[in-house]
Number of protein chains: 2
Amino acid sequence: MITSSKNETIKEIIKLKQKKYRDEMNLFLIEGYHLVEEAIKYGYVKTIITTLEESFEQETIYVSKEVMNKIAFTKTPQPIMAVCYKKINQSVDYHQTRYLLLDRLQDPGNIGTILRSALAFGFHHIIISNDSVDLYNDKVIRATQGALFHLNITIANLKEEIEKLKENQVQVYATSLRNAKSIEEYHNQEKMAFVMGNEGQGVSHEIIDICDGSIYIPIQQIESLNVGVASAIIMYQFKK
Amino acid sequence: MITSSKNETIKEIIKLKQKKYRDEMNLFLIEGYHLVEEAIKYGYVKTIITTLEESFEQETIYVSKEVMNKIAFTKTPQPIMAVCYKKINQSVDYHQTRYLLLDRLQDPGNIGTILRSALAFGFHHIIISNDSVDLYNDKVIRATQGALFHLNITIANLKEEIEKLKENQVQVYATSLRNAKSIEEYHNQEKMAFVMGNEGQGVSHEIIDICDGSIYIPIQQIESLNVGVASAIIMYQFKK
């Protein structure tokens with residue numbers, strides 16, 4: 001059992017709290033029974049870190065409660081964490097029927113909620129712009145409640161991906177008020193993609209301009225819906 | 001200009017950060033230009049607190065930046081806050097057509113997002129169970145982005161209110177999987193109310209049992225949607 005947080009292995013694990021090291025090592029950290037269980041099921045786990053005395057099929061590091069407290073994100077952590085492989089599909093599968101694209105989203109809770117809704121409504125192919133908040137941020141992962149392990153997520157240049165989707169007969173719609181038609185004027189089509197925009201600024205104009213059209217949800221009195229709410233309504237409306 | 005946070009008036013204001021005092025004094029605190037503007041427009045403001053040199057129609061307390069930092073909720077506060085009157089309608093207007101009821105919601109961000117969506121979809125009558133998180137919690141207020149000033153919100157015993165809504169020909173539906181029909185099987189009716197449940201436990205069984213029926217949103221792979229997302233989809237579907 002490791003009892004010192006100055007242990008070299010522990011120091012390496014703690015580094016994964018920073019995006020820089022997650023990117024460098026292609027690994028990320030998760031915390032709690034539910035997430036670790038899901039990550040094991042889908043083959044993401046490299047190493048389990050635990051204060052329990054159980055044995056696991058995966059490589060396991062046994063640590064003291066003090067060390068766990070140093071590694072954990074929450075103040076009263078569950079007794080299990082894991083180091084996971086990033087298993088992002090670097091290339092998008094262009095032969096699917098539903099895609100959700102996220103343009104510069106910044107709020108971890110929003111991305112997490114959106115990934116949960118995407119799974120719920122069968123939007124399994126997600127493309128996140130490379131200037132969005134880091135998918136492997138612990139707050140994003142917690143908010144997904146494990147949904148990220150079930151989805152095909154690509155982090156990419158959205159403009160390039162939109163062009164490729166269009167080449168593959170996917171209709172790509174930006175959520176925006178700019179030259180937009182109401183959600184009620186659109187019908188379900190065979191292959192559809194929707195772009196959701198940054199919390200303050202919406203979808204960027206250069207992206208709106210290359211999409212096949214813009215779509216809005218008719219609302220009263222307020223300027224815009226929360227992006228997690230808008231994403232869910234669109235995916236609910238256009239689920240296959 | 002008040003420069004000491006030991007000033008009696010300032011001490012009274014700071015007390016409003018606690019629910020106990022908000023309840024006792026029937027007042028609450030808000031922070032930032034947008035919220036203060038909305039609160040002024042709808043007649044909620046009792047006193048403005050500011051580091052600006054501007055004059056206002058309302059009673060205004062001028063404070064130093066140090067005092068503002070003590071009163072504010074955020075680390076780098078905007079230069080304006082206000083003490084507001086709670087103006088909750090203590091009794092519900094039973095002659096409306098759309099109601100949203102919240103059963104023991106605990107997450108401030110969820111309640112805030114739900115109130116924004118309610119305003120957007122014309123659900124102007126909200127009944128919050130008296131064991132939900134405090135509506136006047138600063139995180140709730142911030143998440144509403146001012147929507148709470150436009151809505152008719154009652155904090156009450158949900159069971160009693162459901163009985164009264166039913167007496168007034170409102171159809172009341174619990175969102176639940178218990179004896180439920182899918183959202184697609186329900187049609188828009190003249191007077192409808194929907195009950196949304198606690199983040200972990202959903203709507204309580206004793207409330208489900210007194211409703212006219214249960215409704216669920218068909219989803220795949222995950223157990224439940226985020227309550228903010230589910231509320232929005234239901235209000236979008238049944239908006240008048």
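We name chains A, B, ... by the order of the sequence lines, and we start the count at 1 in each one.
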Atom CD of A:E185: over 12 foreign heavy atoms under 6.0 Å
yes
Tell me, yes or no, whether the heavy-atom count around B:K70 atom NZ, taken from other residues, nucleotides or ligands under 6.0 Å, exceeds 12.
no
Is A:Q145 close to B:I222 at the side-chain level, that is, under 4.5 Å between some pair of heavy atoms?
no
Taking CG in A:N179 as the centre, count heavy atoms belonging to other residues, nucleotides or ligands within less than 6.0 Å. Is the count above 12?
no
Euclidean distance, A:I219 CD1 relative to B:R116 CZ, rounded to 0.5 Å
8.0 Å
Hey, could you give me the CD/CD distance between A:Q237 and B:Q237, rounded to the nearest 0.5 Å?
7.5 Å
As a quick check of understanding, evaluate side-chain hydrogen bond (donor to acceptor under 3.5 Å, both in side chains) for A:Q220 and B:H150, giving each step before the final call.
CA-CA 12 Å; A:Q220 310 167 3; B:H150 305 247; over 6 Å; no
State, to 0.1 Å, how close B:G228 and A:V229 come at their nearest heavy-atom pair, and which atoms those are.
O-CG2, 4.1 Å
Look at atom NZ of B:K20 and say whether more than 12 heavy atoms of other residues, nucleotides or ligands are closer to it than 6.0 Å.
no
Counting only heavy atoms closer than 4.5 Å, note whether A:S231 contacts chain B via side chain, backbone, both or neither.
neither
Most contacts with chain B, counted as non-hydrogen pairs under 4.5 angstrom, among A:I217, A:T113, A:I233:
A:I233
Could you tell me whether the side chain of A:L225 reaches within less than 4.5 Å of the side chain of B:Y236, counting heavy atoms only?
no
Above 12 or not: heavy atoms from other molecules or residues under 6.0 Å from CD of A:E223?
no
Flag yes if more than 12 heavy atoms outside A:E184 fall under 6.0 Å of its CD atom; otherwise flag no.
yes
